[in-house]
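Here's the structure we're looking at; comments come further down.
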Amino acid sequence: MIERNLSQGSTPDHQSPESDPAALAAILRVECDMELLDLALVHRSFAYENGGLPTNERLEFLGDSVLGLVVTDTLYRDFPDLPEGQLARMRASVVNAQALADVARSLGLGSYIRLGKGEISSGGRDKTSILADCMEAVIGAIYLSSGMEGADPFISGIFGPLIREASQMGAGLDWKTSLQELTGQHSLELPEYRISDSGPDHAKSFMAEVVVGGQILGIGHGSSKKVAEQISAQQAYLAISDRFTH
């Protein structure tokens with residue numbers, strides 16, 4: 001395995017003591033080639049600091065496609081009456097960085113990722129992008145180890161609750177799209193988003209104002225533009241819905 005190549009069987013001092021693929025496999029309740037699972041945990045920052053080792057990025061690329069296929073197949077089969085647009089929004093609510101990172105956190109995956117010292121000191125074990133990418137890499141490792149027979153039940157097990165939740169969210173699947181559709185239904189002007197940000201580059205905060213017909217109908221704050229826009233769109237959607245139902 002990678003860590004043995006680096007340190008003859010010992011875990012580097014700056015790594016989590018839990019960086020053990022066998023222990024992770026036990027938590028995930030999967031049978032997986034340990035070298036592949038080990039590779040799935042190698043972030044590029046760790047690889048760079050240790051002489052240019054292979055990273056988990058190819059596995060991430062593969063896992064992204066496997067995850068998308070399993071979720072798409074599940075949605076297609078379980079919701080035969082829903083149109084393509086609704087299915088696409090449901091899939092997007094499940095297969096996105098935030099959802100992947102939340103699943104990774106629920107599994108404690110951050111403790112197992114091999115990171116460079118800089119990423120560790122900056123809180124890399126809880127970064128959404130790192131967790132999401134590693135979750136996809138783990139899926140890729142499971143797929144290579146046991147094909148769809150292993151990957152499908154694993155993905156269905158950990159993402160099933162998100163799929164069931166998405167089926168009940170309605171407009172909340174994508175507030176921006178839902179707001180645009182709602183304004184069209186009532187012959188209103190299309191929403192316009194005004195974005196501002198504050199704070200240092202490594203910890204920016206964003207504010208989004210959504211304007212419909214010259215009126216600010218929603219204001220959202222978040223750690224990314226997308227989050228801020230979704231929050232502001234939700235406020236505007238509810239405001240317009242309330243206006244036309246009373």
Side-chain angles (χ1 to χ4, degrees), residues 1-68 70-71 94-146 150-151 154-155 158-159 162 200-204 223-227:
M1 293 185 190
I2 288 169
E3 77 275 17
R4 283 203 286 268
N5 292 337
L6 288 172
S7 55
Q8 293 75 50
S10 62
T11 304
D13 291 341
H14 59 282
Q15 293 302 305
S16 164
E18 298 177 5
S19 295
D20 176 6
L24 177 60
I27 290 175
L28 300 180
R29 298 180 181 178
V30 295
E31 293 185 8
C32 187
D33 180 284
M34 287 299 104
E35 290 192 5
L36 285 172
L37 189 56
D38 199 28
L39 179 58
L41 302 173
V42 179
H43 186 259
R44 62 177 174 267
S45 62
F46 178 85
Y48 176 78
E49 287 186 8
N50 289 278
L53 293 167
T55 74
N56 64 3
E57 292 174 358
R58 282 173 55 85
L59 285 174
E60 171 202 336
F61 170 77
L62 176 61
D64 174 65
S65 294
V66 174
L67 173 64
V70 172
V71 171
V94 175
V95 185
N96 64 71
Q98 189 61 59
L100 280 160
D102 287 344
V103 169
R105 290 186 183 100
S106 73
L107 298 170
L109 187 59
S111 298
Y112 296 87
I113 304 175
R114 290 178 171 78
L115 297 171
K117 294 179 181 179
E119 282 291 357
I120 291 175
S121 64
S122 64
R125 295 196 185 282
D126 195 50
K127 283 186 179 178
T128 293
S129 59
I130 291 176
L131 288 169
D133 291 347
C134 190
M135 190 71 250
E136 289 178 335
V138 167
I139 291 171
I142 294 170
Y143 172 76
L144 287 180
S145 297
S146 54
F154 173 73
I155 293 170
I158 63 175
F159 287 91
L162 290 178
D201 288 342
H202 68 279
K204 279 192 178 297
S223 58
S224 69
K225 293 179 182 179
K226 181 177 180 179
V227 170

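Remark: the backbone N or O of E119 is paired with a side-chain donor or acceptor of S122 at under 3.5 angstrom. When atom types are taken as modelled, the side chain of S45 and the backbone of G116 share a donor-acceptor pair closer than 3.5 angstrom. Put simply, the side chain of R125 gets close to the backbone of G110: a donor and an acceptor are under 3.5 Å apart. Between the E49 side chain and the K117 main chain, a donor and an acceptor come within less than 3.5 Å of each other.
Shown here are the salt bridge (Lys or Arg N to Asp or Glu O under 4.0 Å) partners of K225, two or more places apart in sequence or in another chain: there are none.
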Quick one: side chains of residues 51-66, donor-acceptor pairs under 3.5 Å with protein atoms, not counting sequence neighbours, listed by atom name and distance.
| from | atom 1 | to | atom 2 | distance (Å) |
| --- | --- | --- | --- | --- |
| T55 | OG1 | E57 | N | 3.2 |
| N56 | ND2 | A40 | O | 3.0 |
| E57 | OE2 | R44 | NH1 | 3.1 |

What side-chain donor-acceptor pairs closer than 3.5 Å can you find for residues 94-102, not counting sequence neighbours?
| from | atom 1 | to | atom 2 | distance (Å) |
| --- | --- | --- | --- | --- |
| N96 | OD1 | Q98 | N | 3.0 |
| N96 | OD1 | A99 | N | 2.9 |
| N96 | ND2 | A92 | O | 2.7 |
| N96 | ND2 | S93 | O | 3.0 |
| Q98 | NE2 | D102 | OD1 | 3.2 |
| D102 | OD1 | R105 | NH1 | 3.1 |

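Distance CG/L67 to CE/M135: 8.5 Å, rounded to 0.5 Å. Here I142 contributes atom CD1 and F154 contributes atom CZ; the two are 4.0 Å apart, rounded to the nearest 0.5 Å. Taken to the nearest 0.5 Å, the CG atom of L115 stands 10.0 Å off from the CG atom of L41.
Using a 4.5 Å heavy-atom threshold, the side chains of F159 and I139 count as touching.
Other residues, nucleotides and ligands place no more than 12 heavy atoms under 6.0 Å from the NZ atom of K226.
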